[in-house]
Amino acid sequence: MENKALGPLKIFTTRPDTLFGCTYMVLAPEHPLVGALTTAGQRPEVEAYCRKTAAKSDVERMSEAAKEKSGVFTGSHAINPVNGARVPIWIADYVLMGYGTGAIMAVPAHDERDFEFARTYSLPMIPVIRGTPEKIHGGAGEFEREPFVYTGDGKLINSPGYNGLDWADAKKRITADLAGRGLGKGTVNYKLRDWLFSRQRYWGEPFPVVWVSEADYRHAAAGRADLPAAPVTFAEHGVTRYALPLPDAALPLELPEVQSYLPSGNGESPLASVTDWLEIWFNVGTGAALPATAPRPEGPAWVRARRETNTMPQWAGSCWYYLRYLDPRNPQAPASDAALKYWGVPDLYVGGAEHAVLHLLYARFWHKVLFDLGVVPQAEPFPRLFHQGIILGEDGVKMSKSRGNVVNPDDIIAAYGADTLRLYLMFLGPLEAMKPWNPKGIEGVHRFLRKIWRECLTEEGGRNPRVAESGQLSADTDKLLHETIRKVGEDIEALRFNTAIAQMMILVNALQKEPVLPRASLLHVLQLLAPFAPHCSEELWARLDGTGSVTTAGWPSYDPAKLVAQTMTVVFQVNGKMRGDTVVPVSITEAELVALASQHPKLIPHVAGKTIKRCIYVKGKLLNLLV
RNA sequence: GCCCGGGUGGCGGAAUGGUAGACGCUGGGGACUUAAAAUCCCCUUUCCGUAAGGAAGUGCGGGUUCGAUCCCCGCCCCGGGCACCA
């Protein structure tokens with residue numbers, strides 16, 4: 001600072017290479033130095049600006065500010081450590097207190113936000129990076145025209161001592177030089193996005209915190225070793241309240257029984273109206289509580305307290321439920337070491353993209369904290385992540401009550417059953433895609449399930465007379481069964497449920513034409529179907545006298561020998577165009593195929609009288625003749 | 001603005017270098033039925049053609065290849081997520 005008494009002003013930047021281009025500084029309105037920096041002349045203006053900013057919600061602040069930048073000069077100046085330049089210090093709400101140090105050096109020539117701000121308030125701009133002409137939109141000529149902001153890479157100019165250096169080198173050199181003079185240092189900045197950890201609603205874990213007076217807090221703190229170094233306080237109506245966590249012995253704190261858990265309508269948590277639970281006599285030693293309407297119990301441990309009425313958000317639970325489920329009744333730990341080791345972390349996490357930032361970021365963060373504390377044995381919680389798509393409304397846009405395009409699964413279940421709904425959701429398309437709901441499409445999968453049912457049972461519920469204890473499928477269908485076992489297994493592993501179902505449809509269409517249906521084959525089909533349509537499969541499994549439950553029957557294995565075909569269809573191409581095909585034994589040679597091709601009736605018009613210059617034979621697939 | 005996806009028949013989609021459109025829906029025709037429902041069979045990318053057959057075709061423009069929905073380069077469009085993060 002120019003005024004040495006104010007001490008140094010700490011800023012964070014990723015662009016030390018542009019230090020010579022700094023023409024002003026900006027502090028967030030909440031920055032602690034704002035008061036001290038502001039000169040008497042600027043004070044009314046600065047205070048008015050800070051008040052205006054404080055009155056805005058975060059959303060307002062961002063949306064408004066994104067359109068037009070605003071700020072106010074403090075009257076103070078800072079000294080640029082690289083060149084001694086005197087630069088003005090401003091306050092502006094485009095700088096956020098929550099990131100870095102809440103203060104920046106502004107380089108309007110090379111940062112779009114600084115550029116906009118500088119243009120609004122006619123602040124100077126000094127270009128210090130010369131981009132290579134081809135990287136500058138509009139060519140080198142545009143660079144000469146003012147005003148112009150350039151955020152790309154290039155070589156340093158107007159930076160005595162560093163001119164001509166590539167920006168990456170300049171970053172390192174300038175950082176090292178400042179570090180040598182004790183004026184700065186290279187650092188890695190981690191940011192964890194802020195996510196509000198409280199809600200004004202009933203359903204959520206209540207915070208195990210009571211609010212007490214300063215004197216009572218000191219009284220309680222004397223007997224507690226687990227309180228934070230600095231007390232958490234909250235001022236309201238001129239009274240400062242102190243947050244006192246419940247002692248371990250009083251945990252868990254449970255929600256009170258209420259008449260109504262609907263929102264209060266006044267912006268307060270529904271818990272704020274549960275007076276007997278809220279206003280209490282609190283025992284600072286045991287955490288015991290009595291309604292404040294009762295007489296104060298005997299003894300110095302009892303103080304007057306008011307409970308915290310906010311509850312925790314859903315993600316308080318969703319960040320660690322996968323650990324708690326391993327050992328849900330354990331009173332000592334989130335889960336026992338043995339359970340944590342035995343179960344490990346989830347193999348696969350399936351979630352929507354809407355969870356991509358907040359939930360996954362925090363769940364991972366919590367897990368890493370628990371790992372550092374030695375609570376969990378793995379550093380990473382979710383080794384494999386899959387973002388499934390959402391089902392859109394019939395109109396192809398996101399389902400929402402306001403749009404009126406919501407499909408209620410209960411109605412579908414009532415009309416078709418849960419298996420049909422489940423199967424249809426999987427059959428709609430790839431798991432990761434966004435797919436519109438189609439009420440007609442559900443008929444198709446429903447028919448498929450009925451078809452399987454009919455293959456097993458008659459209309460009266462007895463066994464289909466074509467089902468036999470002995471006997472065999474035709475060779476083709478038997479091969480298809482084994483192909484299906486393989487494909488469905490592979491598709492499940494790869495989460496391609498839609499194609500697994502399509503393959504089962506092909507198989508069932510073939511079974512329909514079989515004169516004899518060996519019971520063992522049908523049981524295999526039911527095993528394949530069970531993960532997709534569990535109720536239906538279980539019922540048919542029982543009616544066909546399968547052993548135990550289909551869910552514990554295991555997965556059928558396929559016989560690779562049965563997948564080997566005796567014949568194959570080879571496609572004939574002439575100059576890359578498909579002209580015909582033929583079924584041949586797999587053992588056929590290329591020469592034999594070429595001979596067959598040249599006599600093929602559909603190929604004769606295309607090859608007659610021409611010499612074959614080249615043949616490309618892809619074994620088992622096609623023969624391409626170039627003429 | 002940044003980051004992810006995606007663009008294929010009337011519709012949802014399949015095919016990841018080798019027959020484009022599997023499977024399902026819709027539509028059309030037929031069988032069974034007194035009739036209907038249910039079920040089964042056939043057809044259903046477009047254009048030309050009575051047909052046999054031919055041509056075009058996977059958002060657009062190039063490229064690689066005997067061969068491209070698939071690989072490469074350059075665009076256009078759509079969807080989602082994030083966003084004053086210095």
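Every chain is numbered from 1, with letters handed out A, B, ... down the list of sequences. Because the structure is a prediction, the values reported are computed rather than measured.
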A.B. asks: To the nearest Å, how far apart are A:Ile506 CD1 and B:G21 C1'?
C.D. replies: 13 Å

A.B. asks: Can you give one letter per nucleotide of nucleotides 35-49 of chain B, going 5' to 3': B for a protein heavy atom under 4.0 Å from the base, S for sugar-phosphate only, - for none?
C.D. replies: ---SSSS--------

A.B. asks: Look at the side chain of A:Thr13 and decide which nucleotide, out of B:C23, B:A14, B:A86, has an atom nearest to it.
C.D. replies: B:A86

A.B. asks: In whole angstrom, give the distance that lies between atom CE of A:Met426 and atom P of B:G13.
C.D. replies: 17 Å

A.B. asks: Could you tell me whether A:Lys451 sits above the aromatic face of A:Trp453, with NZ or CZ closer than 6.0 angstrom to the six-membered ring centre and within 45 degrees of the axis?
C.D. replies: no

A.B. asks: Ignoring backbone atoms, establish whether A:Asn575 has a side-chain N or O less than 4.0 Å from OP1 or OP2 of B:G67.
C.D. replies: no

A.B. asks: Rounded off to whole Å, could you give me the CE-to-P distance for the A:Met505 and B:C23 pair?
C.D. replies: 11 Å

A.B. asks: Roughly, in whole Å, what's the span from CG in A:Leu431 to C1' in B:G5?
C.D. replies: 14 Å

A.B. asks: Take A:Glu459 and A:Arg454 through the salt bridge (Lys or Arg N to Asp or Glu O under 4.0 Å) test and state the conclusion after the steps.
C.D. replies: CA-CA 7 Å; A:Glu459 219 152 309; A:Arg454 278 198 312 273; over 6 Å; no

A.B. asks: Expressed in angstrom and rounded to an integer, what is the separation of A:Leu360 atom CG from B:C82 atom P?
C.D. replies: 12 Å

A.B. asks: Would you say a side-chain N or O of A:Arg614 is under 4.0 Å from OP1 or OP2 of B:C66?
C.D. replies: yes

A.B. asks: For B:G13 versus B:G21, give the span between their C1' atoms, rounded off to a whole number of Å.
C.D. replies: 9 Å

A.B. asks: Restricting both atoms to N or O, compile the protein contacts to nucleotides 56-59 of chain B shorter than 3.5 Å, with distance only.
C.D. replies:
| residue | atom | partner | partner atom | Å |
| --- | --- | --- | --- | --- |
| B:A56 | OP2 | A:Lys577 | NZ | 3.4 |

A.B. asks: Given salt bridge (Lys or Arg N to Asp or Glu O under 4.0 Å), test A:Lys487 with A:Glu483 step by step and report yes or no.
C.D. replies: CA-CA 6 Å; A:Lys487 181 159 174 61; A:Glu483 280 169 357; over 6 Å; no

A.B. asks: What class does the angle between the rings of A:Tyr121 and A:Trp90 fall in, given that below 30° is parallel, 30 to 60° is tilted and above 60° is perpendicular?
C.D. replies: tilted

A.B. asks: So if I apply the salt bridge (charged side-chain N to carboxylate O under 4.0 Å, His left out) rule between A:Glu455 and each of A:Lys513, A:Arg543, A:Arg466, which one comes out positive?
C.D. replies: A:Arg466

A.B. asks: What interatomic distance, in whole Å, is found between P of B:G27 and the corresponding atom of B:U34?
C.D. replies: 26 Å

A.B. asks: Assess, by modelled atom type and distance only, whether the side chains of A:Tyr94 and A:Asp114 contain a donor and an acceptor separated by less than 3.5 Å.
C.D. replies: yes

A.B. asks: B:G67 P sits how many Å from A:Lys613 NZ, rounded?
C.D. replies: 12 Å

